[in-house]
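Here is the structure we will look at, set down as structure tokens.
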Amino acid sequence: MTKPNPFRYFKTSREIIRLAVMLYVRFPLSLRNVEGLLHERGIDVSHEAVRYRWHRFGPMFASEIPKRRIEGMKSSRWRWHLDEMFVKINGEQRYLWRAVDHEGEVLESFVTKTRDKKAALKFLKKAMRKHCCAEVFVTDLLRSYGAALKEIGTARRQESGRWLNNRAENSHLPFRRREREMLRFRRMRSLQKFAAVHASVYNHFNQERRLSTRTNFKLNRAAALAEWRGFGAA
DNA sequence: TTGCTCCACCGGGGTGATAC
DNA sequence: GTATCACCCCGGTGGAGCAA
């Protein structure tokens, strides 16, 4: 049985939907910014429609990215950097746990209410289910990591130190920039959704520019964009 | 049935006015 | 010069209702 076309019923073309979702997730733009940019290109869409489309297709596009990228990267994911960041939702503190590999690729994002062993365990299990297991877990000095890794039986693979997981700390920056532009999240559900999609899209377009020549950078960028334009085509 | 728009709401950030 | 406050702007969000 074939899957129904997800773009059926939509009045606008799938190219425009892909463009709207990419603009909103990839760049630090608000829904209204995207509305304005599309209007500049002669596309009339309300910010609510952009929201509707990103909610509908963001996770779908994001789920296609790992399928294409993970296979070639599993062997290189030997070192995970784990860190958690504070995010306010309606004035209440929540925690966004993130796992980053040694190349800066975001492996997993997970939102919790607490920052204890239980939350760390949940996060680690989720990440390991998806990406198998790392040889080394680099963490900060938060004791929840040690307790959770001990329970999983991988405590000996932990390396912790105040400055050791700077890579994970740095990976928060694009998300922080984005969060600032959005002013705030109002629901844990929307934070979880946005964090997951943002990580996938960031990985997809992140070219590690400093490591390649201008020519290679342009080729990789074009390839990423071409790939993006193929999402949702099946 | 579904996509989309309109409208209203809540809340954080920025800014200018005012008091000290 | 600095701190405080009120106000406005702009962000995401939810629900009702319309149109295809």
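The chains referred to below are lettered A, B, ... by the order of the sequence lines, with proteins before strands, and numbering in each begins at 1.
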Using atom [atom1] of [X] as one end and atom [atom2] of [N] as the other, report the distance to the nearest whole Å.
{"X": "A/Glu35", "N": "B/dC6", "atom1": "CD", "atom2": "C1'", "answer": "12 Å"}
{"X": "A/Leu31", "N": "B/dC4", "atom1": "CG", "atom2": "C1'", "answer": "14 Å"}
{"X": "A/Tyr52", "N": "B/dC7", "atom1": "OH", "atom2": "C1'", "answer": "19 Å"}
{"X": "A/Arg32", "N": "B/dT5", "atom1": "CZ", "atom2": "P", "answer": "13 Å"}
{"X": "A/Leu191", "N": "C/dT13", "atom1": "CG", "atom2": "C1'", "answer": "15 Å"}

Is [X] close enough to [N] that one of its side-chain N or O atoms is under 4.0 Å from OP1 or OP2 there?
{"X": "A/Arg53", "N": "B/dC4", "answer": "yes"}
{"X": "A/Tyr24", "N": "C/dG12", "answer": "yes"}
{"X": "A/Ser46", "N": "B/dC4", "answer": "no"}

Nucleotide N/O of nucleotides 14-20 of chain C paired with protein N/O under 3.5 Å:
residue: C/dG14; atom: OP1; partner: A/Arg187; partner atom: NE; Å: 2.5
residue: C/dG14; atom: OP1; partner: A/Arg187; partner atom: NH1; Å: 2.7
residue: C/dG14; atom: OP1; partner: A/Arg187; partner atom: NH2; Å: 2.8
residue: C/dG14; atom: N7; partner: A/Arg51; partner atom: NH2; Å: 2.9

Next on the checklist: For A/Trp54 and A/Phe61, I'd like to know if the aromatic rings sit close, meaning centre-to-centre distance below 6.0 Å.
Outcome noted: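 No, the ring centres sit 6.0 Å or more apart.
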Checklist entry - Tell me, do A/His47 and A/Val34 make a side-chain contact under 4.5 Å, heavy atoms counted? => result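 A side-chain contact under 4.5 Å is absent here.
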Checklist entry - Is there a donor-acceptor pair closer than 3.5 Å between any side-chain N or O of A/His204 and the backbone N or O of A/Ala224? => result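 At least one qualifying donor-acceptor pair exists.
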Next on the checklist: A/Lys193: which residues meet the salt bridge (charged side-chain N to carboxylate O under 4.0 Å, His left out) condition with it, sequence neighbours left out?
Outcome noted: none
Checklist entry - Salt bridge check: are A/Lys126 and A/Glu108 linked by an N-O gap of less than 4.0 Å? => result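 A/Glu108 and A/Lys126: salt-bridged.
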Checklist entry - Looking just at side-chain N and O atoms, do A/Tyr24 and A/Glu35 make a donor-acceptor pair shorter than 3.5 Å? => result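 On atom types as modelled, these side chains do not qualify, holding no pair under 3.5 Å.
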